[in-house]
Trainee: 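Have a look at this one.
Keep in mind that this is a model prediction, so the values were computed, not measured.
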Amino acid sequence: MNRTYLGIEIRRIARDPASLFFVSALPLFFYLIFGAAKDYSPQSAGNGNVAMIIMVSMAAYGAVTASVSIGGMAAVERMQGWGRQLGLTPLSDRGYVAVKVGLALTVAALPLGLVYLAGFLTGASGTPRAWLLSGLALLIGTTMFALYGLVFGLAFRTEGAVSAATGSVVILGFLGNIFFPLSGTLLAIAKFTPLYGVFSLARYPVSGGDVLDGATGELVFEPLWVPLANVAGWLVLLGAVATFLVRRSRTRQ
């Protein structure tokens with residue numbers, strides 16, 4: 001990875017405090033309102049408590065939003081000629097992608113870290129293993145959404161594609177069982193949405209595989225292969241679509 005280019009990208013992102021505030025403060029606000037401030041937060045839940053489950057959910061939303069915005073901006077940059085400028089340098093396409101993935105990890109770590117810190121200070125509790133594995137699952141899993149943003153940017157070739165991609169994360173959050181527990185048909189549909197797999201993997205070290213049924217209020221066990229299959233399937237699909245769109249964009253140039 002080209003560390004110099006990564007450093008330039010990080011400084012460029014830092015000059016846009018409004019975007020950083022949105023991806024960091026909004027999930028933190030959601031956690032404080034729907035997690036820390038609720039009477040049911042201290043209740044036990046698997047290897048932690050309810051506050052920690054909500055903390056993971058809101059951290060997932062923030063980290064995914066950050067990754068999607070980075071992927072979308074990368075695509076728009078290439079469409080606007082930045083890719084041709086980089087073509088005059090020794091930086092390869094693979095190196096460019098590596099820098100963008102590193103940037104996505106860096107930016108996604110900001111809301112994740114803030115929400116986890118707030119959870120630690122406001123009563124979210126769990127085993128050390130649950131804290132570590134849930135955070136790692138989110139940090140690594142959300143890099144998949146850099147591909148998601150990249151697909152949007154390459155497909156629509158406008159700056160509005162970034163807004164559309166990040167806006168769709170809110171809809172996917174509701175459909176993916178993040179903001180409130182689903183049941184029945186909606187829960188079955190949720191298991192095929194991209195956010196469901198990443199969120200479920202992050203929640204697994206805390207919940208032990210138990211999923212709350214929104215209709216009955218009962219816990220239903222979910223095998224680990226379900227979220228793993230979800231993440232693997234979407235990773236292959238998004239990777240294939242992104243590769244096709246990159247090749248198409250080169251042909252047009």
Side-chain angles (χ1 to χ4, degrees), residues 23-24 26-67 104-145 169 172-173 176-183 187 190-191 193-214 217-232 234-235:
V23 300
S24 302
L26 191 59
L28 176 61
F29 174 76
F30 283 164
Y31 165 71
L32 294 176
I33 296 298
F34 300 114
K38 297 297 183 180
D39 295 334
Y40 51 69
S41 294
Q43 295 179 12
S44 177
N47 297 317
N49 60 6
V50 174
M52 188 171 185
I53 294 288
I54 298 173
M55 178 194 75
V56 171
S57 302
M58 297 304 104
Y61 170 74
V64 164
T65 301
S67 293
L105 280 170
T106 303
V107 176
L110 183 58
L112 196 156
L114 284 175
V115 175
Y116 267 58
L117 177 61
F120 178 78
L121 296 175
T122 57
S125 65
T127 63
R129 182 174 180 271
W131 281 88
L132 177 62
L133 292 182
S134 64
L136 286 176
L138 282 181
L139 190 60
I140 296 173
T142 52
T143 58
M144 178 180 76
F145 284 87
V169 171
L172 291 175
N177 206 35
I178 286 186
F179 295 118
F180 57 84
L182 302 175
S183 63
L187 182 58
K191 295 182 180 183
T193 61
L195 261 178
Y196 184 87
V198 172
F199 165 60
S200 296
L201 282 179
R203 184 184 59 188
Y204 215 92
V206 185
S207 67
D210 290 334
V211 178
L212 180 64
D213 188 299
E218 297 179 352
L219 294 175
V220 180
F221 178 75
E222 179 177 76
L224 183 59
W225 68 264
V226 174
L228 284 174
N230 176 286
V231 171
W234 277 103
L235 188 59

Trainee: Please report the C-alpha distance between Asn49 and Gln43 in whole Å, then the side-chain angles of each, then the deciding distance to 0.1 Å, and finally whether the side chain to side chain contact (heavy atoms under 4.5 Å, CB included) criterion is met.
Mentor: CA-CA 5 Å; Asn49 60 6; Gln43 295 179 12; over 6 Å; no

Trainee: Evaluate Leu201 against Leu228 for side chain to side chain contact (heavy atoms under 4.5 Å, CB included), listing each step before the verdict.
Mentor: CA-CA 7 Å; Leu201 282 179; Leu228 284 174; 3.8 Å; yes

Trainee: Might you point out which heavy atoms bring Leu172 and Pro194 nearest each other, and give the distance in Å?
Mentor: CD1-CG, 3.8 Å

Trainee: Using only atom types and a distance under 3.5 Å, with no angle test, would you say the side chain of Asn230 pairs donor to acceptor with the backbone of Tyr196?
Mentor: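 No; judged by distance alone, with no hydrogens or angles, the pair does not exist.
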
Trainee: Any donor-acceptor pair under 3.5 Å linking the side chain of Asn177 with the backbone of Ala190?
Mentor: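 Checking the backbone N and O of Ala190 against the side chain of Asn177, no donor-acceptor pair under 3.5 Å is found.
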
Trainee: I want to check something: taking the side chain as every heavy atom from C-beta on, are Thr122 and Met55 in contact at a cut-off of under 4.5 Å?
Mentor: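 Thr122 vs Met55: side chains apart.
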
Trainee: Less than 4.5 Å apart, any side-chain heavy atom of Ile140 and any of Leu105?
Mentor: no

Trainee: Please tell me whether Ser134 and Tyr116 have a donor and an acceptor in their side chains that are separated by less than 3.5 angstrom.
Mentor: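 Yes, because at least one side-chain N or O of Ser134 sits under 3.5 Å from a partner of the opposite role on Tyr116.
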
Trainee: Using side-chain heavy atoms (C-beta onward) and a distance below 4.5 Å, is Trp234 in contact with Leu195?
Mentor: no

Trainee: Which label fits Phe30 and Tyr61: parallel for a plane angle under 30°, tilted from 30 to 60°, or perpendicular past 60°?
Mentor: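 The arrangement is tilted - the two ring planes meet at 30° to 60°.
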
Trainee: Side chain of Ser67, backbone of Phe145: donor and acceptor closer than 3.5 Å?
Mentor: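 No: the side chain of Ser67 does not pair with the backbone of Phe145.
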
Trainee: Please find the pair of heavy atoms, one from Val56 and one from Arg203, that lie closest to each other, and give the distance.
Mentor: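 Here Val56 and Arg203 meet closest at CG1-N, 4.1 Å.
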
Trainee: Where do Ala60 and Leu138 come nearest, in terms of heavy atoms and distance?
Mentor: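 Heavy-atom minimum between the residues: CB-CD2, 3.4 Å.
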
Trainee: Under a 3.5 Å threshold, yes or no: a donor from one side chain and an acceptor from the other, between Thr127 and Asn47?
Mentor: no

Trainee: To the closest 0.5 Å, what do you measure between OH (Tyr204) and CG (Leu133)?
Mentor: 13.0 Å

Trainee: Would you compute the distance between atom CG of Leu187 and atom CD of Glu222 and round it to the nearest 0.5 angstrom?
Mentor: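 CD of Glu222 is found 7.5 Å from CG of Leu187.
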
Trainee: Measure the spacing between OG1 of Thr143 and CG of Leu235 and express it to the nearest 0.5 Å.
Mentor: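 Reported value, rounded in 0.5 Å steps: 7.5 Å.
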
Trainee: Restricting to non-hydrogen atoms, name the atom on Val206 and the atom on Ala202 that form the minimum distance, rounded to 0.1 Å.
Mentor: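 Here Val206 and Ala202 meet closest at CG2-O, 4.5 Å.
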
Trainee: Are the side chain of Ser41 and the backbone of Lys38 linked by a donor-acceptor contact shorter than 3.5 Å?
Mentor: yes

Trainee: Where do Ser125 and Met52 land on the side chain to side chain contact (heavy atoms under 4.5 Å, CB included) test, with the steps shown first?
Mentor: CA-CA 6 Å; Ser125 65; Met52 188 171 185; over 6 Å; no

Trainee: Are Tyr31 and Ser57 linked by a side-chain donor-acceptor pair shorter than 3.5 Å?
Mentor: no

Trainee: What pair of heavy atoms forms the shortest contact from Ala130 to Pro205, and how long is it?
Mentor: CB-O, 3.6 Å

Trainee: Quick one: closest heavy-atom pair of Pro27 and Pro111, and the distance?
Mentor: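 Distance-wise, the nearest heavy atoms are CG-CB, 4.2 Å.
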
